[in-house]
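First comes the structure, then the notes that go with it.
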Amino acid sequence: TFTDIPGVLSVDAGTVLPSNRPIVDSTFDVAIVISFRDMQAMAAYVDHPLHKKAVESVMKPLVGRTLVYDIVVEQAGDLRPRRQEPRQGP
């Protein structure tokens with residue numbers, strides 16, 4: 001599996017959640033999200049034999065289009081809404 005590749009932290013896959021909202025892209029069937037330790041690990045993943053084998057033997061025969069978004073997630077704690085503490089008394 002992709003988690004056997006050094007630097008891969010997690011791999012998640014799922015199907016599209018249909019939406020009527022115009023801003024949502026629902027033109028895909030399956031999405032895969034892979035999280036890496038760092039950008040160097042992501043670069044090494046692209047050339048790793050397990051990844052290349054999966055692309056050739058699984059992806060290419062099954063998919064009509066592949067779209068990749070490479071993003072950097074900053075400190076997750078800074079991006080999440082802060083939890084509001086309940087008020088004490090009146």
Side-chain angles (χ1 to χ4, degrees):
T1 67
F2 289 149
T3 55
D4 294 331
I5 298 174
V8 173
L9 301 177
S10 65
V11 178
D12 295 293
T15 57
V16 67
L17 177 62
S19 175
N20 292 324
R21 298 181 334 163
I23 195 168
V24 176
D25 177 5
S26 298
T27 62
F28 62 96
D29 297 315
V30 175
I32 302 170
V33 177
I34 303 175
S35 297
F36 300 94
R37 179 185 60 239
D38 52 32
M39 286 187 279
Q40 291 79 14
M42 184 184 73
Y45 162 86
V46 172
D47 292 324
H48 195 279
L50 278 174
H51 172 251
K52 287 185 171 191
K53 181 179 178 183
V55 168
E56 293 300 320
S57 65
V58 179
M59 297 278 298
K60 284 186 178 179
L62 293 177
V63 302
R65 179 178 81 131
T66 300
L67 184 60
V68 175
Y69 293 100
D70 290 337
I71 67 166
V72 174
V73 176
E74 300 298 330
Q75 295 286 330
D78 294 341
L79 300 176
R80 296 182 184 168
R82 297 194 194 285
R83 183 172 169 226
Q84 296 282 334
E85 293 296 326
R87 292 185 183 183
Q88 300 290 330

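Throughout, numbering of the chain's residues begins at 1 and tracks the sequence.
Clustering of Ile, Leu, Val, Met, Phe, Trp and Tyr side chains at separations under 4.5 Å places Val16 together with Phe28.
By the side-chain hydrogen bond (donor to acceptor under 3.5 Å, both in side chains) test, Thr15 pairs with no residue at all, sequence neighbours left out. With sequence neighbours excluded, the residues satisfying ring pair (Phe, Tyr, Trp, His ring centres under 6.0 Å) with Phe2 are Tyr45.
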Yes or no on side-chain contact (heavy atoms from CB on, under 4.5 Å) for Val11 and Thr1, after CA distance, side-chain angles and deciding distance? CA-CA 9 Å; Val11 178; Thr1 67; over 6 Å; no
Give the intermediate values and the outcome of side-chain contact (heavy atoms from CB on, under 4.5 Å) for residues Leu9 and Phe36. CA-CA 5 Å; Leu9 301 177; Phe36 300 94; 5.7 Å; no
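Annotation: side chain to side chain donor-acceptor pair (under 3.5 Å) contacts involving residues 47-57, sequence neighbours excluded, comprise Glu56-Lys60. The stretch residues 16-26 participates, sequence neighbours left out, in these side chain to side chain donor-acceptor pair (under 3.5 Å) pairs: Asp25-Thr27.
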Sequence neighbours excluded and cut-off under 3.5 Å, please list the side-chain donor-acceptor pairs for residues 62-73, or say none.
none

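In plain terms, the two heavy atoms of Val58 and Pro61 that are nearest each other are O-CD, 3.3 Å. Nearest heavy atom pair, residue Pro6 against residue Ala41, reads O-CB, 4.4 Å.
A single hydrophobic cluster is seen to contain both Val46 and Ile5, as judged by linkage of ILVMFWY side chains at heavy-atom distances under 4.5 Å, directly or through other members. Linking Ile, Leu, Val, Met, Phe, Trp and Tyr residues whenever their side-chain heavy atoms come within less than 4.5 Å leaves Val55 and Met42 in two separate clusters.
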